Amino acid sequence: MKKLFILPLLLLFASCYNQERNCAAFKTGKFTFTQVIDNVKKTSTFERTENLQIETFEGKTDTATVRWVNDCECILQKLHPKNMQEKKSISMRIMTTNKKTYTFEYCYVGEAKKEKGTVTKID
């Protein structure tokens, strides 16, 4: 009998917990993103304005347009793609935020496989 009473209380408390999402604070600024590629940690830096994202990775700079769908979701499209893969748009959605970082998931538009990452705001 006690178990039946405790379960609804646990569900109530769990449903009241909201993770912080102050996405507007991360729409513009300078950022770093670190990811593991072939078991090697690699870092890129990028600067995002309301409409553009300029990213530097391994000494190469790329520019993409940014189209915000809402405060937490945007579509990135490279301005000067070098191949068919780079022509694909990337959908990015901020999942959680805190003071200087946000976690996000991203994928090519139309594809189901999503990746996750964490970005740090440096300015």
Side-chain angles (χ1 to χ4, degrees):
M1 181 73 169
K2 283 186 178 181
K3 288 182 183 179
L4 292 176
F5 179 70
I6 293 173
L7 183 60
L9 281 177
L10 289 174
L11 291 173
L12 176 67
F13 288 126
S15 67
C16 292
Y17 176 73
N18 285 330
Q19 291 189 342
E20 181 183 353
R21 261 186 25 153
N22 180 15
C23 301
F26 295 96
K27 280 183 138 181
T28 62
K30 291 183 181 178
F31 305 89
T32 62
F33 173 54
T34 302
Q35 59 185 326
V36 177
I37 301 173
D38 297 327
N39 294 323
V40 178
K41 212 178 217 184
K42 306 223 178 191
T43 300
S44 64
T45 58
F46 61 95
E47 185 168 356
R48 185 185 304 134
T49 67
E50 195 69 31
N51 301 314
L52 286 177
Q53 180 167 303
I54 302 167
E55 181 173 4
T56 302
F57 178 70
E58 295 185 331
K60 298 176 185 171
T61 301
D62 247 333
T63 304
T65 60
V66 179
R67 182 174 54 86
W68 288 95
V69 178
N70 57 46
D71 276 348
C72 295
E73 297 179 58
C74 68
I75 307 293
L76 300 170
Q77 176 68 53
K78 286 196 177 194
L79 282 179
H80 308 289
K82 295 172 182 66
N83 55 48
M84 292 302 288
Q85 182 75 7
E86 289 185 0
K87 285 185 180 184
K88 295 181 180 181
S89 297
I90 296 173
S91 173
M92 192 271 297
R93 181 169 64 143
I94 297 173
M95 307 299 287
T96 62
T97 65
N98 57 44
K99 285 185 179 184
K100 290 286 183 182
T101 65
Y102 66 85
T103 58
F104 70 106
E105 66 179 21
Y106 62 99
C107 65
Y108 287 109
V109 171
E111 292 186 13
K113 182 182 178 197
K114 295 182 180 183
E115 300 288 334
K116 291 186 179 185
T118 301
V119 168
T120 302
K121 189 169 188 177
I122 55 176
D123 184 26

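This structure is a prediction, so every number in the text was calculated from the model and none was measured. Sequential numbering from 1 along the given sequence is applied to the chain's residues.
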Rounded to the nearest 0.5 Å, what separates atom CD1 in I54 from atom NZ in K30?
10.5 Å
Gap separating the CE atom of M95 from the OG1 atom of T118, nearest 0.5 angstrom:
11.5 Å
One should read off an interatomic distance between K27 NZ and T49 OG1, to the nearest 0.5 angstrom, of 11.5 Å
Report yes or no: does D38 contribute a side-chain atom to a donor-acceptor pair with the main-chain N or O of V40 at less than 3.5 Å?
no
Taking atom types as modelled, find out whether T56 and T61 have a side-chain donor-acceptor pair closer than 3.5 angstrom.
yes
Compare every heavy atom of D71 with every heavy atom of C23, then report the nearest pair and how far apart it is.
CB-O, 3.0 Å
Taking I75 as the starting point, is it possible to reach L79 by hopping between hydrophobic residues whose side chains are less than 4.5 Å apart?
no
Measure across T28 and E50 and return the closest heavy-atom pair with its distance rounded to 0.1 Å.
CG2-N, 3.6 Å
Indicate yes or no for a side-chain donor-acceptor contact from E86 to the backbone of K82 under 3.5 Å, with no hydrogens or angles considered.
yes
Just by distance, no angles: are the side chains of T32 and T45 close enough, under 3.5 Å, to form a donor-acceptor pair?
no
Would you tell me whether Q77 and T65 have side-chain atoms, one donor and one acceptor, within less than 3.5 Å of each other?
no
I need the minimum non-hydrogen distance between K121 and G29, along with the two atoms involved.
CE-CA, 4.2 Å
Please round to the nearest 0.5 Å and tell me the distance separating atom CG of D123 and atom NZ of K100.
7.5 Å
Rounded distance (nearest 0.5 Å) linking atom CZ of R93 with atom CD of E73
5.5 Å
Atom of F104, atom of V119 and distance for their closest heavy-atom approach
CE2-CG2, 3.4 Å
What pair of heavy atoms forms the shortest contact from T97 to Y102, and how long is it?
CG2-CB, 3.8 Å
Side chains of K113 and E115: closer than 4.5 Å at any heavy-atom pair?
yes
For the student: nearest non-hydrogen atoms of K42 and F57, plus distance
CB-CE1, 3.7 Å
Tell me if the centroids of the rings in F33 and F31 come within less than 6.0 Å of each other.
no
Co-membership, hydrophobic cluster, residues L52 and V66, 4.5 Å side-chain
no
With heavy-atom distances below 4.5 Å as the criterion, would you say the side chains of I90 and Y108 are in contact?
yes
Starting at CE of M92, measure out to NZ of K114 and round the result to the nearest 0.5 Å.
13.0 Å
